[in-house]
S.K.: 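Structure incoming, see below.
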Amino acid sequence: MHDFDKNYWEEHWVSATSPKERIMPVNPYLADETKQLSPGTALDAGCGIGTEALWLAENGWQVTGADISAAALATAARRAEETEQSHRVEWVETDVARWEPNRTWDLVTTHYAHPDTGQLAFYKRLGSWVATNGTLLIVGHHHGTHHQHEHPEEATVSLDAIAELFTEPDWRIEASYEQTRSVGHRSAPLHDVVV
């Protein structure tokens with residue numbers, strides 16, 4: 001068992017970013033669930049090496065990519081330069097579970113981010129950063145499947161638990177589903193929750 005603290009994420013990204021083949025393709029839910037949106041401002045919370053943030057930038061969004069790992073952000077910034085998207089992305093090194101950005105975005109998204117404060121508290125926090133008439137997209141690991149990825153139970157979620165966070169009149173859940181998919185070098189499939 002481990003803590004999802006800064007040291008964990010620095011070690012994770014230092015070991016994961018060396019081989020080029022470890023860069024995974026963009027999360028397919030991002031394209032599926034944002035295709036009806038007009039590009040505006042976007043936050044990718046827990047952006048890692050910037051795959052989703054760069055996809056958003058390439059598709060016309062002005063993006064903030066925030067992550068706790070300096071190693072991940074250094075890789076993300078290099079990738080932004082290589083794809084000539086640096087002018088569309090701002091990288092912020094911060095603990096997103098405790099960050100106070102004092103602003104909102106048209107789209108706030110997170111893909112498998114694991115803060116040490118727990119998933120649901122993190123998602124509720126992200127919801128407070130969504131602009132009026134904006135969109136929140138959460139992609140997480142499905143509860144009950146964490147053993148395949150060596151994640152502790154508190155790093156997984158269920159659809160019902162996420163939905164209960166956003167029951168106020170200001171929120172409307174437009175998509176809520178589970179899906180299993182295979183990704184690149186991973187031997188075990190990913191069991192995803194998308195809201």
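Index from 1, following the sequence. Computed from a predicted structure; not experimentally measured.
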S.K.: Step through the shown structure and confirm whether more than 12 heavy atoms of other residues, nucleotides or ligands are within 6.0 Å of CD on Gln36.
M.R.: yes
S.K.: Side chains of Tyr112 and Asp192: do they bring a donor and an acceptor to under 3.5 Å?
M.R.: yes
S.K.: Should Gln119 and Ile162 count as side-chain neighbours, where that means a heavy-atom distance under 4.5 Å?
M.R.: no
S.K.: Is there side-chain contact between Leu37 and Thr135, with at least one heavy-atom pair below 4.5 Å?
M.R.: yes
S.K.: Determine yes or no for a side-chain-to-main-chain donor-acceptor pair under 3.5 angstrom, with Thr104 supplying the side chain and Val130 the backbone.
M.R.: no
S.K.: Quick check: do Thr83 and Leu54 have side-chain heavy atoms less than 4.5 Å from each other?
M.R.: yes
S.K.: Look at the side chain of Gln179 and the backbone N and O of Val194, then say whether any donor-acceptor pair between them is shorter than 3.5 Å.
M.R.: no
S.K.: If only atom types and distance count, is the side chain of Glu33 paired as donor or acceptor with the main-chain N or O of Ala175 below 3.5 Å?
M.R.: no
S.K.: Will you find, in the side chains of Asp106 and Thr41, an N or O donor that is under 3.5 Å from an N or O acceptor?
M.R.: yes
S.K.: So, are Arg125 and Glu100 salt-bridged, with charged N and O less than 4.0 Å apart?
M.R.: yes
S.K.: Is a side-chain N or O of Ser176 found less than 3.5 angstrom from the main chain of Val195, in a donor-acceptor match?
M.R.: no
S.K.: Taking the six-membered ring for Trp and the full ring for Phe, Tyr or His, determine whether the centres of Trp61 and Trp105 are under 6.0 Å apart.
M.R.: no
S.K.: Apply salt bridge (Lys or Arg N to Asp or Glu O under 4.0 Å) to Arg172 and Glu174, showing your working.
M.R.: CA-CA 6 Å; Arg172 181 177 69 248; Glu174 296 182 343; 2.6 Å; yes
S.K.: Please answer whether the main-chain N or O of Gly48 pairs with a side-chain N or O of Asp67 as donor and acceptor at a distance below 3.5 Å.
M.R.: yes
S.K.: Is it true that a side-chain atom of Arg88 and a backbone atom of Glu58 form a donor plus acceptor pair closer than 3.5 Å?
M.R.: no
S.K.: Are any non-hydrogen side-chain atoms of Leu30 and Leu137 less than 4.5 angstrom apart?
M.R.: yes
